Each structure stands twice: as C-alpha cells, then as structure tokens.
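Take a look at the structure below.
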Protein chains: 2
Amino acid sequence: MSNSTSGQAFAKHDHRHCIKAALKQASRICGERNGRLTAQRKRVLELVWKNHKPVGAYAILEQLRAEGFNGAPPTVYRALDFLLEHGLIHRIESLNAYTGCAHPGEQHTGQFLICSQCQRVAELDDPKVKTAICNSAALLGFEADHQVIEIRGLCPQCQDH
Amino acid sequence: MSNSTSGQAFAKHDHRHCIKAALKQASRICGERNGRLTAQRKRVLELVWKNHKPVGAYAILEQLRAEGFNGAPPTVYRALDFLLEHGLIHRIESLNAYTGCAHPGEQHTGQFLICSQCQRVAELDDPKVKTAICNSAALLGFEADHQVIEIRGLCPQCQDH
DNA sequence: AATCGTTATGTTATAGTATAACAACTTCAG
DNA sequence: CTGAAGTTGTTATACTATAACATAACGATT
Ligand SMILES: [Zn+2]
Ligand SMILES: [Zn+2]
Ligand SMILES: [Zn+2]
Ligand SMILES: [Zn+2]
C-alpha cells in the first residue's frame with residue numbers, strides 16, 4: 001500500500017505519518033533488493049521528506065552541515081542517486097529539486113502538481129493521463145518510455161485570497 | 001497557421017522551410033507586439049532552429065563566438081528570455097535546453113516528444129492530454145496553470161535497429 | 001580472526017547552467 | 001535635439017552537478 005494518498009500533500013494531515021511510512025517502506029524495499037539504506041542515505045531521505053516541498057541538493061547539504069556533517073556535494077548527490085534508483089524519491093526537473101515518492105516500489109513515473117505559491121507538490125499517477133500521452137505519441141510512431149509531467153498552478157489552499 | 005505540422009520533426013522534410021517560416025512568423029509576431037527582433041535575437045532564433053535538437057545556452061554562445069561575436073552569457077540568456085516571452089521558443093526543462101516553438105503566437109503550452117537516441121524533439125499540443133491533466137488536477141482542487149510535459153522515448157526512425 | 005573483493009564515503013577540483021549589478025550604447029517619440 | 005526607455009556590454013558570482021582518485025567500511029570466505 002502507498003504511504004501517501006494522491007493529493008494528500010495539499011490536505012491537512014499528520015505529516016509525521018508520511019515520514020514514518022516513507023522510512024518504513026524504504027527499509028522494506030531496500031531489504032528486498034539488497035540495497036543498503038545506510039545512515040546517510042536514510043538521513044537524506046528524511047530531509048527530502050521533511051515536508052511536501054521539493055528540496056535542492058545544496059539545501060540538503062546545508063542541513064547536513066548544520067547537523068555537524070562535514071561533507072561535500074558528491075556525498076549528497078550519491079545519496080540522491082541511490083534513492084532515485086530505488087524509486088524512493090523523484091527529481092522535479094523544472095525545479096532542480098527532489099521530492100519523496102508517494103508510491104515507492106511500484107513501477108511508475110510520477111505526475112506532479114506544483115503549487116506556485118506554497119511550493120508544495122502532490123504526486124499523481126493517473127492512467128488516463130498516461131494513456132492520452134501514449135496515444136498521442138503513438139500517432140507519430142513515437143515509442144514513449146519515460147515521462148516528465150510537472151504541472152504548475154495553485155493548490156486548493158492557495159486559491160483562497 | 002503553424003510553421004511545422006505536429007511531429008514533422010521526426011519525418012523527412014526540407015528543414016530550410018522550417019527555419020524560413022519560423023523567422024517569418026517571428027518577424028510578424030514581434031511586429032504585432034512592438035517587440036524588437038534585433039539582429040542578435042534573430043541570430044539566436046536561427047541557431048535554435050538550426051535543427052530539431054534542443055540547444056543549450058552555452059552551445060549558442062559558442063556558435064556566436066565562432067562567428068566573431070565576442071560576448072558573454074547574459075547576452076545569450078537575454079535573447080532567449082525575449083524569445084521565450086514572445087512564445088517563439090520553448091525551454092526543455094529536463095535538458096536545460098531550448099527548442100523552436102512549432103506554434104508561435106498561439107497561446108499554448110507545448111508537449112514534447114524527445115528521442116533518447118537522436119535527440120530530436122517534436123512538439124505536440126494535444127487537447128486530450130491537456131484535458132486529462134486538468135481533470136485529474138481538478139479532482140484535487142488544483143487549478144492548473146502551466147504544464148511541463150516532456151516524454152522520452154524513441155522516434156520512428158530510431159526504433160529500427 | 002585474517003583476507004580480499006565489493007560497495008560506500010571522503011576529498012579536491014572542475015564542468016555546466018544561470019543571474020546580479022552596473023556601465024555604455026541605441027532607438028525613437030516628442 | 002533631447003530625454004526616457006530599451007538594448008547590449010562587461011565583470012563577477014551564484015547555483016547545480018560530476019570527474020577522478022583516495023580512503024574506509026562491509027561482508028563473504030577461508
Ligand atoms: Zn505529508
Ligand atoms: Zn499552495
Ligand atoms: Zn524542420
Ligand atoms: Zn530519434
């Protein structure tokens with residue numbers, strides 16, 4: 001089961017559950033695949049999950065340094081690469097930033113709703129969207145493989161005023 | 001009328017027509033809006049349209065320098081910003097690169113098919129895709145504004161072998 | 001426990017992408 | 001001609017990401 005219902009990022013919720021669930025899932029998935037969720041990788045994953053706002057590699061680095069870690073960019077990028085490879089986080093191309101995956105372990109390619117105001121991101125995985133794209137691509141004989149879908153707009157809470 | 005039928009990028013065609021049409025449209029659109037298509041901006045647009053492969057800002061800079069221009073990054077980025085603002089080019093987020101717009105002047109947000117092998121890009125504007133996304137977003141109360149859609153895969157010609 | 005290949009991390013330097021800030025020049029309406 | 005707006009030049013710097021090589025931790029095997 002997923003650790004985050006679609007769109008939950010925009011609803012009021014106890015985010016500690018998100019974090020806890022994400023770590024638990026990560027642990028399980030790494031166990032199944034012989035991936036080693038080391039302390040650093042785990043810490044980076046926690047920082048990515050700190051909230052539903054995508055976070056940049058250098059922001060993570062700053063956090064780690066604030067905690068006494070004395071490291072350099074490659075350390076962070078390696079951790080991020082590991083987490084990406086195991087499907088525990090996604091990269092948001094239009095932000096050069098990273099966000100926790102809401103459906104870890106399941107094979108998928110996320111679709112992201114990004115609030116222009118509060119920066120929070122919700123991950124969707126709507127098969128209709130995927131189908132529409134694949135159909136459209138197929139008409140041109142294009143064989144779709146991976147999709148980057150990042151939608152900017154206003155989340156429910158930021159539409160108010 | 002658009003200067004490039006959807007998906008033409010992947011078909012055999014006389015690309016000189018693409019370039020010529022793009023420049024003509026650009027000239028018209030800038031005229032209508034009191035945008036000044038200066039020599040530099042025009043040259044950058046030509047370089048972006050050199051083929052259907054997105055091109056990076058620094059690659060453009062190199063080209064310009066090879067032509068005797070002795071400039072710096074801001075010049076290129078300013079030209080790109082101008083062209084983006086007037087809807088004459090698009091930015092491909094997942095490549096940090098720029099590509100000519102196939103429907104300049106028309107209000108739209110492109111959807112891009114990017115061949116992983118030959119790097120060529122075709123621009124779509126499928127209303128079904130847009131609708132599917134907007135519907136999906138609306139279910140969460142999210143008001144979609146701008147969409148980044150970049151599909152990786154293999155173009156018809158690169159699927160052969 | 002000692003060994004050894006594999007994986008992970010440390011470290012330094014550098015590549016690649018983008019913008020800030022200010023100066024000089026061009027254009028064009030009045 | 002003149003002044004305001006827009007454009008380009010120039011220098012420096014911020015931000016994002018990786019190359020390359022050294023060291024350390026791990027884990028299976030002996
Ligand atoms: Zn949460
Ligand atoms: Zn918001
Ligand atoms: Zn063409
Ligand atoms: Zn191709």
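So that the names make sense, note that chain A is the first sequence line, chain B the second, and so on, each numbered from 1. Values in this document were obtained by computation on a predicted structure and should not be read as measured data.
- Look at CD1 on A:Ile92: it is 15 Å from P on D:dT16, rounded to the nearest Å.
- Residue A:Thr38 places none of its side-chain N or O atoms closer than 4.0 Å to OP1 or OP2 of D:dA25.
- Note: CZ (B:Arg33) to P (D:dG6) measures 16 Å, nearest angstrom.
- Of all nucleotides listed (C:dT11, C:dT7, D:dT8), C:dT7 comes nearest to the side chain of A:Arg36.
- Using modelled atom types, one side-chain atom of A:Gln159 and one backbone atom of B:Gly141 make a donor-acceptor pair closer than 3.5 Å.
- Closest approach of B:Tyr98 and B:Leu80 over heavy atoms only: CE1-CD1, 3.7 Å.
- For the pair A:Leu95 CG and D:dC15 P, the interatomic distance rounds to 16 Å; values are reported in whole Å.
- Looking at B:Arg91 and B:Glu93, a side-chain N of the basic residue comes within less than 4.0 Å of a carboxylate O on the acidic one, giving a salt bridge.
- The CZ-C1' distance, from B:Arg41 to D:dG6, rounds to 8 Å in whole Å.
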Measure all distances between protein nitrogen or oxygen atoms and nitrogen or oxygen atoms of nucleotides 17-21 of chain D, and list the pairs falling under 3.5 Å.
unit_1	atom_1	unit_2	atom_2	d
D:dA17	OP1	A:Arg91	NH1	2.4
D:dA17	OP1	A:Arg91	NH2	2.8
D:dA17	OP2	A:Tyr77	OH	3.0
D:dA17	O5'	A:Tyr77	OH	3.4
D:dA17	N7	A:Tyr58	OH	2.7
D:dA17	N6	A:Tyr58	OH	3.4
D:dA20	N6	A:Arg78	NH2	3.2

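- Between B:Thr75 and D:dG9 there is a side-chain polar atom (N or O) within less than 4.0 angstrom of OP1 or OP2.
- Using a cut-off of 4.0 Å between Lys/Arg side-chain N and Asp/Glu carboxylate O, A:Arg16 and A:Asp14 are scored as salt-bridged.
- In this structure, CZ of A:Arg43 is placed 15 Å from P of C:dT9, rounded to the nearest angstrom.
- The distance from atom CG of B:Asn34 to atom P of C:dT27 is 16 Å, rounded to the nearest whole Å.
- Between the side chains of B:Gln40 and B:Arg43, no donor-acceptor pair is found at a separation under 3.5 Å.
- For the pair A:Leu80 CG and C:dT9 C1', the computed distance is 15 Å after rounding to whole Å.
- Distance CG (B:Leu37) to C1' (D:dT7): 13 Å, rounded to an integer number of Å.
- Centroid-to-centroid, the aromatic rings of B:His17 and B:His15 stay 6.0 Å apart or farther.
- Partner of A:Glu123 under the side-chain hydrogen bond (donor to acceptor under 3.5 Å, both in side chains) criterion, chosen from A:Gln111, A:His90, A:Gln8, A:His103: A:His90.
- For the pair B:Gly35 and B:Ala72, nearest-nucleotide mapping onto DNA chain D gives the more 5' position to B:Gly35.
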